Amino acid sequence: MKGTVIIMNYVWGALAGLVWGAAAALLNAFVSKKCIAKNSSGAMLAANAIRSVVDIGALAAVFLLRKLLPFSFEAALIGTAVALSMLTIVFAYRLSK
């Protein structure tokens with residue numbers, strides 16, 4: 001029974017991280033879309049900086065809240081990073097069309 005609880009702790013952490021990372025990636029896609037609409041190099045530079053801040057902020061939030069999270073923060077951190085990486089690629093591909 002104890003082993004199942006530990007495994008579910010990691011599963012819930014990973015799922016929460018995936019959702020949190022997906023929200024951050026969606027925010028990054030919104031920033032990219034607004035940047036593309038402006039069509040200037042200054043806007044692109046600002047968008048890259050904002051996307052970096054969003055990525056760092058999403059990962060830092062999981063790390064800083066690690067004592068308050070009711071699940072494995074390591075799994076949440078990995079889930080956040082995976083969702084940020086994969087969905088940023090997906091959203092960039094969709095925006096390029």
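Because the structure is predicted, anything quoted here is derived from the model rather than measured.
- Follow the hydrophobic side-chain contacts under 4.5 Å out from V62 and you reach L68 in the same cluster.
- Side-chain heavy-atom separations under 4.5 angstrom define the hydrophobic clusters, and the remaining members of the one that includes V54 are L27, V31, I50.
- When atom types are taken as modelled, the side chain of W20 and the backbone of A76 share no donor-acceptor pair closer than 3.5 angstrom.
- Annotation for F71 and G13: closest pair CD1-CA, 3.3 Å, computed over non-hydrogen atoms.
- Separation of atoms CG (N39) and CE (M44) is listed at 8.5 Å; rounding is to 0.5 Å.
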Q. L15 and V19: side chain to side chain contact (heavy atoms under 4.5 Å, CB included), yes or no, with the steps?
A. CA-CA 6 Å; L15 288 174; V19 169; 5.7 Å; no
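- Tracing side-chain contacts under 4.5 Å through hydrophobic residues (I, L, V, M, F, W, Y), one reaches L77 starting from L64; they form part of the same cluster.
- Within the model, atoms CG of L18 and CE of M86 stand 11.0 Å from one another, a figure rounded to the nearest 0.5 Å.
- We find the CG-CZ distance between L69 and F63 to be 11.5 Å, quoted to the nearest 0.5 Å.
- To the nearest 0.5 angstrom, L26 atom CG is 11.5 Å from L84 atom CG.
- Sequence neighbours left out, the pairs with a member in residues 23-35 that pass side-chain hydrogen bond (donor to acceptor under 3.5 Å, both in side chains) are N28-D55, S32-R51.
- Under the 4.5 Å side-chain contact rule for hydrophobic residues, F73 and L59 share a cluster.
- Of the possible polar contacts, one joining the S96 side chain to the Y93 backbone as a donor-acceptor pair under 3.5 Å is found.
- Listed here is the closest heavy atom pair of A24 and A58: CB-CB, 3.8 Å.
- A donor-acceptor distance shorter than 3.5 angstrom exists from the side chain of T80 to the backbone of G17, with no hydrogens or angles considered.
- Put simply, CG on L95 and SG on C35 are 10.0 Å apart, with the number rounded to the nearest 0.5 Å.
- The two atoms that bring L87 and A25 nearest to each other are CB-CB, 3.6 Å, heavy atoms only.
- Hydrophobic clustering (ILVMFWY, side-chain heavy atoms < 4.5 Å, transitive): L65 and Y10 are in distinct clusters.
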